[in-house]
Student: 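Before I ask anything, let me first share the structure, which is written out below as structure tokens.
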2 protein chains.
Amino acid sequence: MPNQNYHHGDLKTELIKEGIKLLNSEGYEGVSLRKIAKACGVSQTAPYRHFKNKDDLINAILMEAMQDFSQSLGKPAEEYAADPQKQLKAIGLAYIEFFSKNPDYLKLLFSSDLLDKLNTESQLAFHSKSRHFETGHPFAIFYHAVKNYAASSSENTMSEQELLLYCWGLVHGIAVLLTNTSKLPFEGDYLAIAKSLLESEEFLR
Amino acid sequence: MPNQNYHHGDLKTELIKEGIKLLNSEGYEGVSLRKIAKACGVSQTAPYRHFKNKDDLINAILMEAMQDFSQSLGKPAEEYAADPQKQLKAIGLAYIEFFSKNPDYLKLLFSSDLLDKLNTESQLAFHSKSRHFETGHPFAIFYHAVKNYAASSSENTMSEQELLLYCWGLVHGIAVLLTNTSKLPFEGDYLAIAKSLLESEEFLR
DNA sequence: ATAATATGTTGACAGTGAAAACATTGCGTG
DNA sequence: CACGCAATGTTTTCACTGTCAACATATTAT
């Protein structure tokens, strides 16, 4: 029977859980190791038994978040598996919607080294289709949809790399802008605009 | 005759200058008020006589940076003033190239509240053409090029808002991705890819 | 010249990430 | 079962950060 006041039981996963909670409640800037530790009812330095440093914890949190993300992209990927273009467009929209709902993930993702780590640790994960929903590269689904479309479309004249940059860039850029609507020059339902944009022929005819 | 050890003379502008230097040398994470103050040979709290807080100084630094940015966009804007499509494409490329060379500005820009401030303080600046190069909204040039193209093109079927989201989103997204090339799945000269992409008919035919 | 103001300094405080030294628990091996 | 070692948690401490209050000095206006 474990002493309730010392060994915690499953601190590692609870740190991640409380980290996500804190991120959602206080936002990107409000996340600190000490707060997370306190939320778990544990000393300030306890997290260091489970994570090398703050960025390591952040990466673990993101890993969790990217699971949601992968699922959000996976749904349209399956639904429109038969039509590569429709699939790609639907995935793009899901990408935008996800970060629109979770703006802090976007900031976190590009200020941590999660993606670098994933790229070096498991280059495979990005290219293999099987592991997307686990620990693989969160953008693999997107990447495969792009490859799929490139292979299927007779209209497309872009190289695979161009196409990836085009699709990912557009979708990511819109996501960034939408999480900063106050930075945009006029008001409006930008999410709706983004939707009609992706569905139009201007993007992938 | 000013005492050399007390009143500094022109601390405010030197703080900005040293701030930019620090940003370029140590990167986004390495910027702190205290370091900037020390670089100016002044006490830690001296900056508070000229700036309300850190974000205020950061905004001033960005203001300076955005001047460069505006000029980088202004050059192709003038060069291709006669051909709205070419102009828009050239501006887009300049946008990408600028942040590709100054990746830290990109991070800073979207983690400060500069754009919000500009939008509330001078909504006009974004819409008027005359003040771009001074204190106006740094994206006004881009915006005007979009409007220009929308008005001139008979091919374009998008609304002005759609078009802005499309162009700005694409260009911004690519800029973000290029400043994180290590996050991309394969290696290559992404800047060159981006260039050929913008020039292709896939983007604004 | 003197008062008001602008500008700079000192010292302090709370919050942060991190390391070192120490304490407690639980597990594996004899 | 007992013992020792590894895992996990705590305390203490450090350097660094942004910011404030109180004080000092210079500049400017009256």
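Quick note on labels: first sequence line is chain A, next is B, and so on, each numbered from 1. The structure displayed is predicted, hence computed values, not measured ones.
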Student: Considering only heavy atoms from C-beta outward, does the side chain of Val31(B) approach that of Asp104(B) to under 4.5 Å?
Tutor: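 The answer is no; the side chains never approach within 4.5 Å.
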Student: For nucleotides 20-22 of chain D, tabulate all protein N/O to nucleotide N/O atom pairs closer than 3.5 Å, reporting atom names and distance.
Tutor:
from, atom 1, to, atom 2, distance (Å)
dA22(D), N6, Arg49(B), NH2, 3.3

Student: Does His50(B) place a side-chain N or O at less than 4.0 Å from the phosphate oxygens OP1/OP2 of dG8(C)?
Tutor: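 For dG8(C), OP1/OP2 do have a side-chain N/O of His50(B) under 4.0 Å.
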Student: Any chance the rings of His172(A) and Phe142(A) have centres within less than 6.0 Å?
Tutor: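 Between His172(A) and Phe142(A), the centre distance exceeds or equals 6.0 Å.
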Student: When Gln44(A) is tested against each of Arg34(A), Lys35(A), Lys38(A) for side chain to side chain donor-acceptor pair (under 3.5 Å), which residue passes?
Tutor: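 When side chain to side chain donor-acceptor pair (under 3.5 Å) is applied between Gln44(A) and each of Arg34(A), Lys35(A), Lys38(A), only Arg34(A) qualifies.
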Student: Nearest whole Å is fine: how far is dA18(C) C1' from Lys54(A) NZ?
Tutor: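 Distance, rounded to whole Å: 12 Å.
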Student: Output the residues of residues 16-34 of chain B in contact with DNA chain D, where contact means a heavy atom of the residue under 4.0 Å from an atom of the strand; sort by number or write none.
Tutor: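 Contacting residues: Ser32(B), Leu33(B), Arg34(B).
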Student: Phe51(A) CZ to dA19(C) C1': how many Å, rounded?
Tutor: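 Checked: the CZ to C1' distance equals 19 Å.
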Student: Just wondering, do Ile16(B) and Phe51(B) contact through their side chains at under 4.5 Å, heavy atoms?
Tutor: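 They are in side-chain contact.
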Student: Got a sec, which residues hit salt bridge (Lys or Arg N to Asp or Glu O under 4.0 Å) with Lys21(B), two or more places apart in sequence or on another chain?
Tutor: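 By the salt bridge (Lys or Arg N to Asp or Glu O under 4.0 Å) rule, Lys21(B) matches Glu18(B).
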Student: Starting at CG of Asp56(B) and ending at C1' of dG18(D), how long is that distance when rounded to a whole Å?
Tutor: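 Rounded to whole Å, this separation is 14 Å.
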Student: How close or far is atom C1' of dG8(C) from atom CG of Leu15(B), stated in whole angstroms?
Tutor: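 The answer, rounded to whole Å, is 12 Å.
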Student: Send over the distance from Gln44(B) CD to dC13(C) P, rounded to a whole Å.
Tutor: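 Going from Gln44(B) (CD) to dC13(C) (P), I get 15 Å.
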Student: Within the 4.5 Å heavy-atom criterion, are Val146(A) and Trp168(A) side-chain neighbours or not?
Tutor: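 Counting from C-beta outward, Val146(A) and Trp168(A) never come under 4.5 Å.
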Student: So, do Asn24(B) and Tyr105(B) sit near enough that their side-chain heavy atoms are less than 4.5 Å apart?
Tutor: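 The answer is yes; the side chains approach within 4.5 Å.
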Student: Round to the nearest Å and state the distance from Leu57(B) atom CG to dT19(D) atom P.
Tutor: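 From Leu57(B) CG to dT19(D) P: 10 Å.
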Student: Rounded to whole angstrom units, what separation is found between the NZ atom of Lys38(B) and the P atom of dT17(D)?
Tutor: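 My rounded result for the distance is 8 Å.
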Student: Does any part of the side chain of Tyr149(B), heavy atoms only, come nearer than 4.5 Å to the side chain of Leu204(B), both counted from C-beta?
Tutor: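 Side-chain contact under 4.5 Å: yes.
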Student: Need one value for Lys12(B): base, sugar-phosphate or nothing, where a base atom within 4.0 Å counts as base even if backbone is also close, heavy atoms only.
Tutor: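 Nothing, no nucleic acid heavy atom in range.
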Student: In whole angstroms, how far is the C1' atom of dG9(D) from the CD atom of Glu14(A)?
Tutor: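 Computing the Glu14(A):CD to dG9(D):C1' distance gives 14 Å.
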Student: Are side-chain heavy atoms of Ile174(B) and Leu197(B) found at a separation under 4.5 Å?
Tutor: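 Sidechains of Leu197(B) and Ile174(B): in contact.
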